[in-house]
Number of protein chains: 2
Amino acid sequence: MSAGSILSALEDVQIAPRRSLAEEAADKLREAILLEHLAPGTPVPERELSEAMGISRTPLKDALRLLEMEGLIDYGPTRRPRVANPSLATLRDNITVLGALEALAGELACAVATATELADIAARARRMETDGGDALAFFHQDMNFHGAIVAAARNAPLADTHRQYNARLWRARFLSSRQIDRRENTLAEHDRIVTALMARDGVATANAMRAHLRSTIENIARVHADGRGQGG
Amino acid sequence: MSAGSILSALEDVQIAPRRSLAEEAADKLREAILLEHLAPGTPVPERELSEAMGISRTPLKDALRLLEMEGLIDYGPTRRPRVANPSLATLRDNITVLGALEALAGELACAVATATELADIAARARRMETDGGDALAFFHQDMNFHGAIVAAARNAPLADTHRQYNARLWRARFLSSRQIDRRENTLAEHDRIVTALMARDGVATANAMRAHLRSTIENIARVHADGRGQGG
DNA sequence: CGTTTGAATTTGGTATGCCAAATACCATTG
DNA sequence: CAATGGTATTTGGCATACCAAATTCAAACG
């Protein structure tokens with residue numbers, strides 16, 4: 001029995017790299033922030049939190065730095081971590097950039113995506129129409145639709161930056177997506193995007209993605225006017 | 001003498017926040033990387049380096065994380081920091097995104113920049129024509145030209161992300177800009193950008209910026225073919 | 001000589017202690 | 001009552017020690 005066949009006899013020989021405590025803490029915190037168990041603007045007391053999590057301050061600081069990078073945590077003038085609490089203007093600025101990133105992704109996907117990938121994207125849009133589910137499920141499908149386009153663009157820095165922006169905007173996008181009267185518009189806009197993608201028309205796709213994100217901006221502004229105080 | 005006039009009698013009462021050791025170390029490392037005193041691919045030994053810098057490992061780790069965020073340092077599979085050594089394909093991907101960011105900046109600047117800001121940008125382009133200086137001086141003016149457009153866009157997340165991409169691409173952009181035969185093209189492309197900006201034509205400005213960055217991609221590829229081994 | 005194994009050394013993640021800066025609280029003063 | 005000053009407490013940055021994982025090096029084996 002040679003080395004080759006030992007390997008082929010085993011399905012999966014890779015040991016996953018051990019996740020650091022910082023990474024695990026960041027995951028926990030990310031979830032708490034995105035579900036608003038940690039409300040926007042909340043100070044994050046390092047010692048208290050590290051004790052509650054059963055880890056030392058060092059990996060917690062690392063975790064907070066990771067989340068700072070994603071825009072979920074910010075540091076005040078005295079360097080104390082707080083849960084980010086973006087103003088409407090900041091959200092608008094972020095979504096404007098996100099729109100440009102997604103427009104670029106759409107354009108690149110027209111050039112480099114496989115037919116299978118495009119078909120998958122179209123199927124996602126269709127599934128949202130026929131089986132949207134509740135608000136959270138619909139939102140997840142929405143985010144996966146966008147994510148599939150960005151992945152089909154095959155540009156790693158773009159995907160990374162998009163991920164960062166999406167994390168930062170996740171909450172606001174969810175609140176926007178949750179509006180029942182919003183769903184029809186979303187689906188229509190997705191159709192426009194898919195039509196342009198299937199035609200591999202980069203310009204039309206980019207424009208459709210920008211328009212989609214522009215209406216997201218408008219809807220987030222509406223949600224802001226309805227319910228949440230202005231952030232710091 | 002009232003409190004108001006104590007403040008007005010003093011020109012500058014703000015005490016600058018103390019810079020952390022991590023920030024200072026990051027600056028030093030950034031410079032060493034960008035000037036290739038630390039060559040691409042070089043392992044960064046934490047203990048040795050912290051000792052050489054006269055600080056402990058803690059702020060050095062923080063500094064390295066900052067530089068990771070900027071793409072100047074990457075962490076290998078064993079979590080050891082190395083100086084990033086981007087492949088041509090990675091550089092191309094990064095510049096593609098940078099092009100989209102700068103296109104957005106141009107478009108936004110057309111909408112929101114003051115006449116003074118636009119005049120300043122035009123003056124910068126002119127100064128590069130009449131007083132370009134040596135390769136490094138010309139390059140600095142070039143980067144300041146681009147930076148002024150991004151600043152005039154008044155979108156903080158865009159400016160942040162642009163800064164990150166610029167840091168990551170600084171070296172490659174410098175090597176490209178250094179090509180003597182490149183200068184004429186650069187100046188012509190800047191002219192096109194300025195013309196579109198002064199006309200506040202967002203679409204034309206965005207297109208001119210994209211075209212400019214596309215020729216940067218081509219030039220970087222040429223430099224790569226000429227001289228540097230392929231990165232990891 | 002090439003390969004394997006085991007021990008020594010190096011290195012990254014983490015815990016913890018210390019010091020300086022920031023904040024909170026209380027008493028005093030006008 | 002509001003403002004000010006002083007003290008106690010909390011908090012962030014940093015240094016250092018420790019442990020486990022990774023790497024290096026030397027010896028043994030085929």
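Just so we're on the same page: letters track the sequence lines, and every chain starts at 1. Hydrogens, waters and symmetry mates are skipped; everything else that's a heavy atom, side chains included, is used.
Within the structure, salt bridge (Lys or Arg N to Asp or Glu O under 4.0 Å) pairs that include any residue of residues 93-109 of chain A comprise A/Glu102-A/Arg173 (at least two apart or interchain).
When heavy atoms are screened at a 4.0 angstrom cut-off, B/Arg57 is found touching base atoms of the nucleic acid. Counting any heavy atom pair closer than 4.0 Å across all strands shown, B/Pro81 reaches sugar-phosphate atoms only and no base atom. Backbone-only contact: B/Ser20 has heavy atoms under 4.0 Å from sugar-phosphate atoms and none from a base.
Rounding to whole angstrom units, CZ of residue B/Arg19 and P of D/dC14 are separated by 11 Å. Between A/Glu68 atom CD and D/dG13 atom P there is a gap of 10 Å when expressed in whole angstrom units. Remark: P of D/dG12 and NZ of B/Lys61 are 20 Å apart, rounded to the nearest angstrom. Rounded to an integer number of Å, the gap from A/Arg80 CZ to C/dA24 C1' is 10 Å. The CZ-C1' distance, from A/Arg79 to D/dC14, rounds to 12 Å in whole Å. B/Leu49 places its CG atom 17 Å from the P atom of C/dT10, with the value rounded to the nearest Å. With rounding to whole Å, A/Leu60 atom CG is found 13 Å from D/dT11 atom C1'. In this structure, the CD atom of B/Glu46 is 15 Å from the P atom of D/dA22, given to the nearest Å.
Ring-centre distance between B/His212 and B/His190: below the 6.0 Å cut-off. Aromatic rings of A/Tyr165 and A/Trp170 (six-membered ring for Trp) have centroids beyond the 6.0 Å cut-off, not under it.
A residue-by-residue look at A/Thr78 and A/Ala22 shows that A/Ala22 has its nearest nucleotide of DNA chain C further toward the 5' end. Both B/Glu48 and A/Ile55 lie close to DNA chain C; mapped to their nearest nucleotides by heavy-atom distance, the more 5′-ward contact belongs to B/Glu48.
Using a 4.0 Å cut-off between a side-chain N of Lys or Arg and a carboxylate O of Asp or Glu, B/Asp27 and B/Arg30 qualify as a salt bridge.
Between the side chains of B/Arg222 and B/Asn219, at least one donor-acceptor pair of N or O atoms lies under 3.5 Å.
Side-chain to base pairing of B/Arg47 with C/dG12: one donor and one acceptor N or O lie within less than 3.5 Å of each other. A/Thr58 contributes a side-chain N or O that forms a donor-acceptor pair with the base of C/dA15 under 3.5 Å.
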